[in-house]
Undergrad: 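Mind looking over this structure? Questions follow.
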Protein chains: 2
Amino acid sequence: MPKVGMEPIRRQQLIDATRACIGESGFAATTVQSIAKRAGVSAGIIAHYFGNKLGLLEATMRELLQQLKLDLIGRLPANPTAEQRIDAIIETNFSKTQTDPLSAKTWLAFWSSAMHEPTFARLQRINEKRLHSNLRYSFKQLNHPAPNQAAGTLAALIDGLWLRGALSPDGIQADRCIALCRHQTELLISVAKQHSNNTETA
Amino acid sequence: MPKVGMEPIRRQQLIDATRACIGESGFAATTVQSIAKRAGVSAGIIAHYFGNKLGLLEATMRELLQQLKLDLIGRLPANPTAEQRIDAIIETNFSKTQTDPLSAKTWLAFWSSAMHEPTFARLQRINEKRLHSNLRYSFKQLNHPAPNQAAGTLAALIDGLWLRGALSPDGIQADRCIALCRHQTELLISVAKQHSNNTETA
DNA sequence: TTTTATTAATTGATCATTCAATAAAAAACA
DNA sequence: TGTTTTTTATTGAATGATCAATTAATAAAA
């Protein structure tokens, strides 16, 4: 049956199947057999395209991160204001593609594996730092007196809502999470404005 | 060698060993062999006291939850004010016993397993609800206009700081987390007070 | 003599990886 | 153009390791 040029097709099929398996059954129950079966190919092909199981898992996590990155870029207007940037970050993190139960479970599975798998830990840390520095930059623009702290608060709030949603039987309530994050942002900005007024009049 | 009355001793040894194994090597690498070895007993004894591996894991998670519960009770003064109650909750969640890297990793491992293991999911949900309802009750006492939302925010912030710390190479920075949560609580209370004034003068 | 405590070895299942075999397609060659 | 060789794509079976659970055996204590 072999046709030429299957590599990109098979790679994508296998990555998709991996996401589906992890989301559906978790990391522990995701075997190369179950992935191959879902992708409709033989298990041996995984070694051919990804070297081994870890290689496939790494490629899968990379794609999740890439998707998140592109999603944010797509939501950012040209020359965004600080408020717009924060808003785009919030919306991206609670977008449909990120909060459907399958993706949410896949993310959390990778997060917990990152504790003991250096490959995942590295990727996870890059993502975490990007979120934090994007937020910090925005709060700096808003003259927040403690941009680092404000960014840490909002980043943790996003991750926390995310985690609680992933573990909840109802899944992530995106609208409610976005509303909560927006409200929190307003709170943090109002603190920044009060500070601005105080230093101006001082 | 058998002595009588070993049951409580062995149970505790095995639970401790399980926590240590999961915290050190993660869920995937924690086998009954590795637990038994660390506890200095034979693997067969696990079946004798806990039925099977899942039974031991469940007992381990129960102990983590119990410890958290007792920790909070110990920190609550008699007839606490709402502020005191919130403060005790924050301090408990970032206490030494909860934030040392081993415990943090063990918690996160159970959280992610809860996605696909109903036994863990049930226990995790009970804990989550207790945190939320404790906070909601306190914000209600403070006349916060949206106690449910305020509780959701602080609970998510706690979990988020917790998650980010568990995945960070530096571990959980308890002091910083507590300071952040306190600051957030003040923010939320100040909103409550403004609301009180508005409704009084209206 | 029965109960409690414990081990070490066995069993059977599962899993990732490797490997030999197969064949279509492409390239090299005649 | 026709033929041979090489490359690419794929499978299914084997290999060997690992693991949870079971079991038979042992012995102290009641």
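The sequence lines fix the lettering, A, B, ..., with proteins before strands; numbering per chain opens at 1. These numbers come from the heavy atoms of this one structure, side chains and all, not from hydrogens, waters or symmetry mates.
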Undergrad: Write down the distance between NZ (K53(A)) and P (dT18(C)), rounded to a whole number of angstrom.
TA: 14 Å

Undergrad: Distance check needed: dA21(D) P versus N52(B) CG, whole Å only.
TA: 5 Å

Undergrad: Tell me the partner of dT10(C), counting only Watson-Crick (N1-N3 plus N6-O4 or O6-N4) or G-U wobble (N1-O2 and O6-N3) with both under 3.5 Å; none if nothing fits.
TA: dA21(D)

Undergrad: Between R122(A) and E117(A), is there a side-chain N and carboxylate O pair less than 4.0 Å apart?
TA: no

Undergrad: Among dT7(C), dT10(D), dA20(D), which is the nearest nucleotide to the side chain of M6(A)?
TA: dT10(D)

Undergrad: Quick test of your reading of the model: are K96(B) and D100(B) salt-bridged, counting only N-O distances below 4.0 Å?
TA: no

Undergrad: In whole Å, I'd like the distance from the NZ atom of K37(A) to the P atom of dC15(C).
TA: 12 Å

Undergrad: Between G5(B) and Q33(B), who's closer to the 5' end of DNA chain C by nearest nucleotide?
TA: G5(B)

Undergrad: Which whole-number value in Å describes the distance from L56(B) CG to dC19(D) P?
TA: 16 Å

Undergrad: What is the distance, to the nearest angstrom, from the CZ atom on R10(A) to the C1' atom on dT10(D)?
TA: 8 Å

Undergrad: Report the distance from atom CD1 of I45(B) to atom C1' of dA20(D), rounded to the nearest whole Å.
TA: 16 Å

Undergrad: Before accepting this row, confirm whether a basic side-chain N of the pair E63(A)/R11(A) lies closer than 4.0 Å to the acidic partner's carboxylate O.
TA: no

Undergrad: Does the side chain of L68(B) come within less than 4.5 Å of L64(B)'s, by heavy atoms?
TA: no

Undergrad: From the options dA9(D), dA16(C), dA5(C), select the nucleotide whose nearest atom is closest to the side chain of T31(A).
TA: dA16(C)

Undergrad: Over how many whole Å does the gap from F27(B) atom CZ to dA20(D) atom P extend?
TA: 12 Å

Undergrad: Does a side-chain N-to-carboxylate-O contact under 4.0 Å join R38(B) and E24(B)?
TA: yes

Undergrad: Which one, dA20(D), dT17(C), dA8(C), comes nearest to the side chain of S42(B)?
TA: dA8(C)

Undergrad: For the pair made of CD1 in I46(B) and P in dT6(C), what is the distance, rounded to whole Å?
TA: 13 Å

Undergrad: Taking only the side-chain nitrogens and oxygens of Y49(B), find out if one of them lies under 4.0 Å from OP1 or OP2 of dT6(C).
TA: yes

